[in-house]
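What follows is a set of notes on a single structure, which appears directly below.
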Amino acid sequence: MDVLDNRRAAVVAAMALLLVTVTGTMSNNIINVPLRRVAEDFDQPVAYAVLSISAFTLMLAISLPLTGWLGDRFGRKRVLVSALALMCVAQVAAALAPSLPFLIVMRALQGLGCSAIPPLVMGILMAVYPESRGRLMGAWAAANGVGQAIGPPVGGVFADYFGWRSVFVLVAVLSLTALVVIQATVPTFAPRDVSFHVAGAVLLTSGTGFVLLGATLLSQPSVPVWLDAAFAVAGLALLGGFIKVSYGNPRALIPLRLAAEVRFLRSSFAAFAQMFLLGTSLVAIPLVLTGPMDLSYSSAGALFFVLPVVMAISAPLVGRMAEEGSPRTVLRIGLAFMIASAGLTAGVVGGASPSILPVVLCLLLVGGSMAMVQTPAATGATRSPAGAHGAALGLFNLTRFAGMTAGAAWVGLLTPFDARAAMFVGAAAMAAVALGVSFLGVSPRREVLAASSRA
């Protein structure tokens, strides 16, 4: 009976954590469809309003290693609940935003709160179900897909009927609900005595922030190119400093030898490319649907629903494939599929008058290809030695959301030129790079076999 009760408790906890994942993902993209209305209400260009998307993903990305470490140091459940409380406050403030700059700041605070969700949820799921890593990562990927599925259509419908501010009230209610469910169902994990390297944390966070800020501001005509370049160069220098102070340091925030392990590297590159395509799609396709195709916000949201639904439906199947076979093979097939689907989408949306059926086909193919990358990438990251460290899982998720930030920035950069095809050509090129990286290095299993044969 105790075993049965423990299993039921574990299932309830896992469902609560997946609910939190849905809420966080939904918060990320719920403003995408009504973005034009946000810009109109504040009398600002759409390229400026894109910063309300980029601010969320940028702050989320740079905070991920820190919130992962905080979960290890102070208890994953405690930090996750605190982060959800911050999200609630920032959502309500965004609903009352008097100006676009204020909204952008509140979106950044939402991203800070949301940054605790990916590494802490992944870590807690691994502790609750250590024997079902592949399937759990499939469920986690499906939860991300569900959040991506309901975010755009719900945002579109609420914007049409209640105004765009209402979307933040909705997410605030969902965040509060998730907080209560997590507090009631998820077991408490004891804090771990993990070191904190202040210099490494500052260099990693500021370096990542400057690089992503430089990429994001490229889309703003009022910001000179030399300043964008200065941010990027400063960020790269700071990241170089992070590597220098962390290498061989027993107090390093992230052990670099673990982060350099082949499975972790392959997974991180693939996750970046997958999220670059997702970031591109989440911003570019709604702009195409509400612009050249002249659809209403609710219709555009309902049509965009196809992409994340395919991701959500495909993720559990991909998880089983990755667990029973070779995650690396599934990953490579998915990256090749991403290249083809992004290229096809470039041809469809680049036309003068895109039609609904070809766009739906592209959404189906893009969603399926991303599902084939997201799940095995997460599985590879958690199977690697780095997967046992909250800060390293934060770094993996930093890479993921840096990809999304870069994708959104890429769209913002090309939006004034209406270069819709180039947006997806860039995403295809990024997937091609990740596919090449997936063939580098010796596979861990082959290393074990080689060691055995020498013995």
Side-chain angles (χ1 to χ4, degrees), residues 1-28 30 56 59-60 63-95 106-130 132 136-137 139-144 146-147 150-151 154 167-194 382 388-391 393-394 397:
M1 185 66 178
D2 289 341
V3 173
L4 183 60
D5 288 343
N6 288 338
R7 287 179 179 174
R8 287 175 177 170
V11 170
V12 172
M15 294 301 295
L17 291 165
L18 295 177
L19 170 64
V20 172
T21 300
V22 170
T23 302
T25 307
M26 178 180 174
S27 177
N28 183 16
I30 199 169
F56 184 104
M59 181 60 75
L60 185 153
S63 304
L64 281 161
L66 180 59
T67 52
W69 177 87
L70 287 171
D72 284 348
R73 181 64 183 83
F74 298 102
R76 290 169 176 168
K77 177 180 176 179
R78 179 186 301 173
V79 174
L80 184 58
V81 168
S82 300
L84 287 170
L86 174 61
M87 282 188 64
C88 289
V89 173
Q91 298 287 351
V92 173
M106 290 304 102
R107 288 286 287 168
L109 285 179
Q110 292 170 20
L112 175 61
C114 190
S115 69
I117 295 176
L120 300 187
V121 167
M122 289 177 76
I124 296 173
L125 284 174
M126 292 303 98
V128 174
Y129 284 112
S132 303
L136 265 181
M137 287 302 96
W140 176 79
N144 277 285
V146 170
I150 63 178
V154 167
V167 304
F168 297 116
V169 176
L170 173 65
V171 178
V173 172
L174 291 175
S175 299
L176 181 61
T177 302
L179 185 157
V180 172
V181 174
I182 287 291
Q183 184 65 37
T185 62
V186 173
T188 299
F189 293 87
R192 294 163 52 190
D193 186 16
V194 291
T382 55
H389 298 261
L393 287 178
N397 282 285

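In this text the structure is predicted, and so the values were computed from the model without any measurement.
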I need the minimum non-hydrogen distance between [X] and [Y], along with the two atoms involved.
X    : Y   : value
A143 : L18 : CB-O, 3.7 Å
A172 : Q91 : CB-CB, 3.6 Å
M106 : A93 : SD-CB, 3.3 Å
T185 : A16 : OG1-CB, 3.4 Å

Could you give me the CA-CA distance, side-chain angles and deciding distance for Q110 and V171, then say whether side chain to side chain contact (heavy atoms under 4.5 Å, CB included) is met?
CA-CA 10 Å; Q110 292 170 20; V171 178; over 6 Å; no

Mind checking the [atom1]-[atom2] spacing from [X] to [Y]? Nearest 0.5 Å is all I need.
X    : Y    : atom1 : atom2 : result
L120 : L17  : CG    : CG    : 9.5 Å
L112 : L64  : CG    : CG    : 10.0 Å
M26  : C114 : CE    : SG    : 12.5 Å

I'd like to know if the side chain of [X] reaches the main chain of [Y], judged simply by a donor and an acceptor atom lying under 3.5 Å from each other, with no hydrogens or angles considered.
X    : Y    : answer
S27  : G24  : no
S82  : R78  : yes
T67  : S115 : yes
R107 : A90  : no

Non-hydrogen side-chain atoms of [X] and [Y] separated by less than 4.5 Å:
X    : Y    : answer
L70  : L66  : yes
V181 : V20  : no
I30  : V154 : yes
K77  : Q183 : yes

Taking it one step at a time, do T23 and I117 satisfy side chain to side chain contact (heavy atoms under 4.5 Å, CB included)?
CA-CA 10 Å; T23 302; I117 295 176; 5.9 Å; no

